[in-house]
Engineer: 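Pasting in a structure now, in C-alpha cells, and then I'll have a few things to ask.
The figures that follow rest on heavy atoms only: side chains count, while hydrogens, waters and symmetry mates do not. Along the sequence shown, residues are numbered consecutively beginning with 1.
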Amino acid sequence: MMGPMTTATQTTVQEGVSNASVRDFVALLKPRVMSLVVFTALVGLAAAPGHMHPVLAAIAILCIAVGGGASGALNMWYDADIDAVMHRTKNRPIPAGKVLPGEALGFGVFLSGVSVFTLGVATNWVAAGLLAFTIFFYVVIYTMGLKRRTPQNIVIGGAAGAFPPMIGWAAVTGGFSLESFVMFAIIFIWTPPHFWALALMKKADYGNAGVPMLPNVAGDEATRRQILYYTVAMALIGCAPALLGYNSAAYLIIAAISGLWMIKLAADILRHTEGPAAARACWRMFGHSMFYLFGLFLALLLDKLAMRAGIVGALW
C-alpha cells in the first residue's frame with residue numbers, strides 16, 4: 001500500500017487540479033536513468049546476428065525507451081510516499097504536487113500497453129513479451145515486492161535494468177542466446193555496487209523512508225565488502241564476451257583495464273571509511289560506474305562492428 005503523500009500533493013488531489021506541464025510528464029519517465037538502459041538495448045540490437053530495416057530498428061529502440069519510461073512513471077506513482085520524505089526525490093513531480101497520482105498511473109499504464117503492442121507488431125512477440133515482463137518485473141516484483149522488504153532489493157531488482165540488451169537482441173532474432181545473456185549478466189552484476197555506493201551516502205535518506213538498503217541493515221563495513229566482491233565479479237564478467245569468442249582481443253584489453261580501474265575504486269571505498277575521503281570514494285564509484293557501463297557497451301558495439309567489417313581481424 002502506498003503511504004501518505006505530502007501536503008502539497010494532498011491539496012492538489014483534493015482540489016482535483018493538475019499543474020502538470022509536458023516537462024513534468026517527461027520527468028516521470030526518468031530520462032537520465034533510462035538513457036543508459038536504452039543505449040544497452042541499442043547495443044543488443046546492433047550486436048545481434050541478422051538484419052533489421054533501419055526504420056523498424058528505430059521503432060524497436062523507441063518502444064524499449066517508452067516501455068522503460070513507463071516503468072519509471074509507475075515506480076514514481078507507487079513510491080510517491082517515500083519519495084516525499086527522501087531529500088534526493090522530494091522534488092519529483094508527484095510529491096512536488098505537479099502531477100496527480102492518477103495521472104501518473106494512467107500515463108504509465110498507457111505507455112506500457114502502447115510500447116509492448118507496437119514492439120510486437122513492428123518486430124516480434126518474443127521481444128514484446130520480454131518488454132512486458134521487464135515492466136512487470138520492475139513495477140510489481142521490484143517496486144512493490146522487494147524494495148521495501150529486503151536489502152536484496154537492488155540485487156534481485158537489478159534484473160529489470162539488465163533485460164534491455166536481450167530485448168534488442170530478440171527484436172532482431174526472435175529469440176535469445178548465450179551472448180545476449182552475457183550482456184544481461186554484465187548489467188545485472190554492475191547494478192549492486194553502483195547503487196550501494198550511493199546508498200552509503202544516502203543512508204539517512206533511506207532510513208527515513210523505511211527502505212532496507214544494505215547499509216541500513218548490514219552496516220557500512222559489510223556494504224563496502226560487498227561492493228568490492230561484486231565489482232571483482234563485474235570486472236570478470238565484463239571480459240566474458242571476448243573470452244567466449246564473441247569479441248576480439250581489442251575488446252578484452254579495454255574490458256580488463258576498465259575493470260581493474262573499477263576494482264581500484266571499490267578498494268578505495270573499503271580503505272576510506274570516514275570523513276571526506278570516504279564520501280569522495282563513494283561518489284567516484286557511483287559516477288565512474290556509469291561511465292564504465294557506457295564505455296564497456298560502446299567498446300562491445302564498436303568491436304563487434306569492426307569484427308564484421310574485418311578491421312579488427314586485420315589488426316589483431
Engineer: Hey, does the side chain of Arg308 reach the backbone of Ala47 with a donor-acceptor pair shorter than 3.5 angstrom?
Structural biologist: yes

Engineer: Any idea how His194 and Trp190 line up, ring-wise: parallel (<30°), tilted (30 to 60°), or perpendicular (>60°)?
Structural biologist: parallel

Engineer: Is the side chain of Arg224 donor-acceptor paired with the backbone N or O of Ile269 at a distance under 3.5 Å, no angle test?
Structural biologist: yes

Engineer: Can you hop from Leu198 to Tyr142 via hydrophobic side chains spaced under 4.5 Å?
Structural biologist: yes

Engineer: According to the interplanar angle, ranging from 0 to 90°, do the rings of Phe184 and Phe163 count as parallel (below 30°), tilted (30 to 60°) or perpendicular (above 60°)?
Structural biologist: tilted

Engineer: Can you tell me how far apart CD1 (Ile237) and CG (Leu243) are? Round to the nearest 0.5 Å.
Structural biologist: 11.5 Å

Engineer: May I ask you to decide if the ring planes of His288 and Phe291 are parallel, tilted or perpendicular, using 30° and 60° as cut-offs?
Structural biologist: perpendicular

Engineer: Considering only heavy atoms from C-beta outward, does the side chain of Ile156 approach that of Phe137 to under 4.5 Å?
Structural biologist: yes

Engineer: Compare every heavy atom of Ile227 with every heavy atom of Ala266, then report the nearest pair and how far apart it is.
Structural biologist: CB-CG2, 4.1 Å

Engineer: Mind checking salt bridge (Lys or Arg N to Asp or Glu O under 4.0 Å) for Asp268 and listing every partner two or more places apart, or none if nothing turns up?
Structural biologist: Lys264, Arg271

Engineer: Do the side chain of Asn124 and the main chain of Ala170 share a donor and acceptor less than 3.5 angstrom apart?
Structural biologist: yes

Engineer: Could you go step by step and tell me if Ser21 and Asp24 meet the side-chain hydrogen bond (donor to acceptor under 3.5 Å, both in side chains) rule?
Structural biologist: CA-CA 5 Å; Ser21 64; Asp24 295 322; 3.1 Å; yes

Engineer: What's the verdict on side-chain contact (heavy atoms from CB on, under 4.5 Å) for Met213 and Lys203, showing C-alpha distance, side-chain angles and the deciding distance?
Structural biologist: CA-CA 8 Å; Met213 293 297 286; Lys203 183 177 177 179; over 6 Å; no

Engineer: Checking Asn208 side chain against Ala204 main chain: does a donor-acceptor pair fall under 3.5 Å?
Structural biologist: yes

Engineer: Looking at every non-hydrogen atom in both residues, tell me the closest pair between Pro164 and Thr40 and how far apart they are.
Structural biologist: CB-OG1, 3.9 Å

Engineer: On a heavy-atom basis, which atom in Leu252 and which in Ala242 lie closest, and how many Å separate them?
Structural biologist: CB-CB, 3.6 Å

Engineer: Apply side-chain contact (heavy atoms from CB on, under 4.5 Å) to the pair Glu103 and Leu28, showing each step before the final yes or no.
Structural biologist: CA-CA 10 Å; Glu103 290 176 325; Leu28 284 175; over 6 Å; no

Engineer: For the residue pair Leu29 and Leu111, establish whether any side-chain heavy-atom pair is separated by less than 4.5 Å.
Structural biologist: yes

Engineer: Under a 4.5 Å cut-off applied to non-hydrogen side-chain atoms, are Pro49 and Val172 in contact?
Structural biologist: no

Engineer: Does the side chain of Met285 come within less than 4.5 Å of Trp196's, by heavy atoms?
Structural biologist: no

Engineer: Okay, side chain of Asp303, backbone of Asn247: is any donor-acceptor separation there less than 3.5 Å?
Structural biologist: no

Engineer: Looking at side-chain heavy atoms only, is the closest gap between Met76 and Pro93 below 4.5 Å?
Structural biologist: yes

Engineer: Would you mind reporting whether Trp261 and Leu265 have side-chain heavy atoms less than 4.5 Å apart?
Structural biologist: yes

Engineer: Salt bridge between Lys147 and Asp79, side-chain N to carboxylate O under 4.0 Å?
Structural biologist: yes

Engineer: Could you go step by step and tell me if Asn216 and Val211 meet the side-chain contact (heavy atoms from CB on, under 4.5 Å) rule?
Structural biologist: CA-CA 8 Å; Asn216 300 80; Val211 178; over 6 Å; no

Engineer: Could you tell me whether a side-chain N or O of Thr150 sits under 3.5 Å from a main-chain N or O of Leu146, the two making a donor and an acceptor?
Structural biologist: no

Engineer: Quick one: closest heavy-atom pair of Ala60 and Ala171, and the distance?
Structural biologist: CB-CB, 4.3 Å

Engineer: Check Pro165 against Ile187 and note the closest heavy-atom contact, atom names and distance.
Structural biologist: CG-CD1, 3.6 Å

Engineer: Supply the atom-to-atom distance Thr89 OG1 to Ile94 CD1, rounded to the nearest 0.5 angstrom.
Structural biologist: 11.0 Å

Engineer: Provide the closest heavy-atom pair for Gly108 versus Ala70 in the form atom of the first, atom of the second, distance.
Structural biologist: O-CB, 3.5 Å

Engineer: Which distance, rounded to the nearest 0.5 Å, do you find between the CZ of Phe297 and the CE of Met183?
Structural biologist: 6.5 Å

Engineer: Report the distance from atom OG of Ser289 to atom CE of Met234, rounding to the nearest 0.5 Å.
Structural biologist: 7.5 Å

Engineer: Residues two or more places apart in sequence or in another chain: which of them pass salt bridge (Lys or Arg N to Asp or Glu O under 4.0 Å) with Glu179?
Structural biologist: Lys304

Engineer: Within the structure provided, determine whether Thr273 and Glu221 are in side-chain contact (heavy-atom separation under 4.5 Å).
Structural biologist: no

Engineer: Suppose we call two aromatic rings close when their centres sit under 6.0 Å apart. Are Phe25 and Phe107 close by that rule?
Structural biologist: yes

Engineer: Between the main-chain N or O of Val140 and the side-chain N or O of Thr143, is there a donor-acceptor pair closer than 3.5 Å?
Structural biologist: no

Engineer: So, do Pro241 and Ile186 sit near enough that their side-chain heavy atoms are less than 4.5 Å apart?
Structural biologist: yes

Engineer: Would you find a donor on one side and an acceptor on the other, under 3.5 Å apart, between the side chain of Arg225 and the backbone of Leu270?
Structural biologist: no

Engineer: Looking only at atom types and distance, does a side-chain atom of Ser115 sit under 3.5 Å from a main-chain N or O of Ser112, one as donor and one as acceptor?
Structural biologist: yes

Engineer: Please step through side-chain contact (heavy atoms from CB on, under 4.5 Å) for the pair Leu296 and Ser258, ending with a clear verdict.
Structural biologist: CA-CA 8 Å; Leu296 196 68; Ser258 58; 4.2 Å; yes

Engineer: For the side-chain contact (heavy atoms from CB on, under 4.5 Å) test, which of Leu45, Leu119, Val66 pairs with Ile61?
Structural biologist: Leu45

Engineer: Val126 and Met166: same hydrophobic cluster, using ILVMFWY side-chain contacts below 4.5 Å?
Structural biologist: yes

Engineer: Kindly state each residue pair satisfying salt bridge (charged side-chain N to carboxylate O under 4.0 Å, His left out) with at least one member in residues 188-202, sequence neighbours excluded.
Structural biologist: none

Engineer: Charged N to carboxylate O below 4.0 Å: is that the case for Lys90 and Asp205?
Structural biologist: no

Engineer: Looking only at side chains, do Asp220 and Thr223 share a donor and an acceptor under 3.5 Å apart?
Structural biologist: no

Engineer: Indicate if Trp77 and Val26 have the same hydrophobic cluster label, given that clusters are the connected sets of ILVMFWY residues with side-chain heavy-atom separations under 4.5 angstrom.
Structural biologist: no

Engineer: Can any side-chain N or O of Ser180 pair as donor or acceptor with the backbone N or O of Phe176 at less than 3.5 Å?
Structural biologist: no

Engineer: Same hydrophobic cluster for Tyr251 and Leu298, using side-chain heavy-atom links shorter than 4.5 Å among ILVMFWY?
Structural biologist: yes

Engineer: Is it the case that one hydrophobic cluster holds both Leu105 and Met144, taking links as side-chain heavy atoms less than 4.5 Å apart, direct or via other members?
Structural biologist: yes

